[in-house]
Amino acid sequence: MGLVSRFRGWLMGFLFGDEQIMKRATGLVPALSTDMMRMIEAWRDIYSGHPSWIRDGRWDKTTSFAKVVCQDIAGKATNEFEISTGDELLDAEILHTISAVLPDKVEAALALGAVVPRPYYDAETGRIAIDWYTADRVVPAEWDSGELISAILIDYAYIDRDHSYAKLETHRMRRGMDVSQNEYTITSKAFTYNGGSLGQEVPLSIVPAWAGITPEVTIRNLAHPLFVYMKTPFTNNLDMSPAGISFFANAIDQLEELDRTFSTMAWEREATEAKAFVDESMIPQRYDSKGNVVDDLSAFDRKYYRKLAGIETSANLLEVSTPQPRLASYKDHMQAVISYACTIMQLSSNSYTTDAGGMPATAKQVLSEDKRTYTTVLGLQNKMIIPALQALLSSVRALQSLYGISPRLPESDDDITIRFGDSVMIDEETERQQALSEVRDGVRSKLSYLMDYRGLSEEDARKELDEIGSEKPAYDFFGNGEGA
């Protein structure tokens, strides 16, 4: 049994009622149902290309469509993402780090329902660093009006075949009548584990990377936890808890049907490959190194020729079979399943289709036809990514203040720019036409248009406008009549 498999096995056992281990390890009771944890593990396996229907041998191939969708939507949601304070040093130390990993972390959140960024003070650098935990390494322990305020974050380390360890970092928030009465405790413990079972508690120093961790820290006057539960913005219709659900949580049946069809199509394609059935006397033979008589055929010939014994007439010594596979019907069915899966995932049904000529849809088509996808992407940005980043920056500020680190993030979110581009959803020509329309409607300046879409400097743009004004055409470049 591999390390990760053993770890996952222990985690499931931990949640399924080993009260003594649970109390000894953390003192907290998980606020996550066993069904929910099973689903998180199922989502992880589907996303990683090892769904249960492949593992169990029902089908032998996967399209990895869940991975395709999560990666694509995460890319759209984080397209041209920018976050900045205007301070180059501060941006390089904190914000650039977030920007670099955000697409991957959003993808992981879409796949498993949530990710947890956890900022901490790095004593070696004297700066704030950020660890990220996927949902299968997070045990929610207490919710407060939908906000996760207490949780167990899990790390594991493999030293060798006989020595592997789990670190349980327990975050517990006790809220009082006001912020001044809040008490926040972080407790870290290390345990041996083997074969899916949590063993003896051991010193944190047994793993070099954990040696500098203080076993317990208590902080007061914190308004929010020093971690952020960044979850998908979809209602959890599976167990109605505040826990996040996978982007494809309600399309599992369609994903299985897609793999089933793909596996069957691949089998039929192989089964209907051209073959020649020949009398065994026609197969050339040779002696191998041990003196045995073997067929003298290449790998390709072995697939093509099939021996038949007992053919009575020379007319039947060679018979070629070239059946036609029903690939077109399989493709049509797969496309129908994909379209339905997209509808379930709040994407336009043609999000992953090609046009009649086999070409992908253009960005202009995405804007005009895929508005449902566009709305979903905007929802991810506004309801998941931006709130989570603002909460993360608030935690970073708290740590900077606690450890006396400068420069610090601005106190107000208004002083931090968070921006997303939309070039994935809108092509350049559509964007240019929209800008031109804004000029004509009087909500954008001609100067701005010439600088942004004609590539002119401000000086050259002003000269251009002066020239346009001096020529006084019947209609100017922007469609305005003379004297307008």
Side-chain angles (χ1 to χ4, degrees), residues 1-9 11-12 15 32-77 103-116 132-139 154 230-239 241 243-267 330 333-347 349 351-352 373 376 380 384:
M1 182 183 292
L3 171 70
V4 175
S5 297
R6 284 184 290 157
F7 173 75
R8 289 170 179 166
L11 180 58
M12 293 300 293
L15 291 173
L32 189 70
S33 68
T34 54
D35 285 343
M36 193 66 195
M37 178 50 71
R38 285 191 182 101
M39 286 184 280
I40 290 173
E41 295 211 335
W43 300 334
R44 178 201 60 217
D45 292 345
I46 292 169
Y47 169 73
S48 62
H50 302 286
S52 60
W53 51 86
I54 298 295
R55 280 201 321 271
D56 297 343
R58 281 174 279 169
W59 317 110
D60 62 350
K61 289 179 172 57
T62 178
T63 60
S64 295
F65 188 60
K67 163 68 176 177
V68 170
V69 172
C70 290
Q71 183 173 355
D72 179 55
I73 299 303
K76 286 181 169 65
D104 289 343
K105 304 311 177 185
V106 170
E107 181 180 335
L110 294 179
L112 274 65
V115 294
V116 171
W132 295 77
Y133 293 80
T134 50
D136 58 343
R137 294 171 55 201
V138 178
V139 182
I154 305 171
M230 185 169 82
K231 67 172 184 174
T232 54
F234 315 120
T235 300
N236 185 338
N237 65 318
L238 304 180
D239 71 352
S241 76
I245 64 171
S246 171
F247 194 75
F248 53 81
N250 288 286
I252 303 298
D253 288 346
Q254 288 69 39
L255 295 178
E256 181 174 358
E257 176 65 14
L258 191 61
D259 285 354
R260 172 181 179 174
T261 306
F262 183 58
S263 295
T264 306
M265 180 177 69
W267 174 86
Y330 285 119
H333 182 61
M334 288 176 64
Q335 191 60 71
V337 173
I338 288 173
S339 294
Y340 186 45
C342 287
T343 300
I344 293 173
M345 292 184 283
Q346 298 300 305
L347 302 174
S349 60
S351 293
Y352 300 96
T373 298
T376 295
L380 292 173
M384 180 178 85

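Counting from 1, the numbers follow the sequence of the chain as shown.
Rounding to the nearest 0.5 Å gives a distance of 14.0 Å between NZ of Lys61 and CG of Leu258. Considering CD of Glu257 and CD1 of Ile338, their distance stands at 11.5 Å, rounded to 0.5 Å. Taking OG1 from Thr134 and CD1 from Ile40, the interatomic distance works out to 9.5 Å, rounded to the nearest 0.5 Å. The CG atom of Leu380 sits 11.0 Å away from the CD atom of Gln346 when rounded to the nearest 0.5 Å. Atom CH2 in Trp53 sits 9.5 Å away from atom CG in Asp45 (nearest 0.5 Å). Of the inter-residue distances, the one linking Trp132 atom CH2 with Asp104 atom CG reads 10.5 Å to the nearest 0.5 angstrom.
Heavy atoms only, all atoms of each residue included: Ser64 and Gly49 are closest at OG-CA, 4.5 Å. Heavy-atom minimum distance, Ser339 versus Ser349: OG-O, 3.2 Å. Of all the heavy atoms in Ala108 and Val115, the pair that sits closest is CB-CG1, 3.7 Å.
By the 4.5 Å heavy-atom criterion applied to side chains, Phe65 and Leu255 are counted as neighbours. Put simply, the side chain of Pro51 does not reach to within 4.5 Å of the side chain of Trp59, judged on heavy atoms. By the 4.5 Å heavy-atom criterion applied to side chains, Asn250 and Leu238 are counted as neighbours. Under the 4.5 Å side-chain criterion, counting only non-hydrogen atoms from C-beta, Met334 is in contact with Thr63. Two residues are said to be in side-chain contact when any heavy atoms from C-beta on lie closer than 4.5 Å; Trp43 and Phe247 fail this criterion.
A salt bridge links Glu41 with Arg44: the closest approach of a Lys/Arg side-chain nitrogen to an acidic carboxylate oxygen falls below 4.0 angstrom.
With hydrogens and angles disregarded, a donor-acceptor distance shorter than 3.5 Å links the side chain of Ser246 to the backbone of Leu110. Put simply, the side chain of Thr232 gets close to the backbone of Ile245: a donor and an acceptor are under 3.5 Å apart. Listed for the Thr62 side chain is no donor-acceptor partner under 3.5 Å among the backbone atoms of Asp259.
Checked by atom type, the side-chain pair Asp239/Ser241 shows a donor-acceptor distance below 3.5 Å. Counting only N and O atoms by type, the side chains of Asp35 and Ser33 include no donor and acceptor under 3.5 Å apart.
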Inset, instruction - With side chain to side chain contact (heavy atoms under 4.5 Å, CB included) as the test, would you mind laying out the steps for Tyr352 and Asp72 before giving the verdict? - result: CA-CA 10 Å; Tyr352 300 96; Asp72 179 55; 2.8 Å; yes
Legend entry - Worked verdict on Met230 versus Met384 for side chain to side chain contact (heavy atoms under 4.5 Å, CB included): CA-CA 6 Å; Met230 185 169 82; Met384 180 178 85; 3.7 Å; yes
Inset, instruction - Kindly determine whether Tyr47 and Glu107 satisfy side chain to side chain contact (heavy atoms under 4.5 Å, CB included), including the steps that lead there. - result: CA-CA 10 Å; Tyr47 169 73; Glu107 181 180 335; 2.6 Å; yes
Inset, instruction - Determine, stepwise, if the pair Glu256 / Ile46 fulfils side chain to side chain contact (heavy atoms under 4.5 Å, CB included). - result: CA-CA 9 Å; Glu256 181 174 358; Ile46 292 169; over 6 Å; no
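In this structure, Phe262 has no ring pair (Phe, Tyr, Trp, His ring centres under 6.0 Å) partners at least two apart in sequence or on a different chain.
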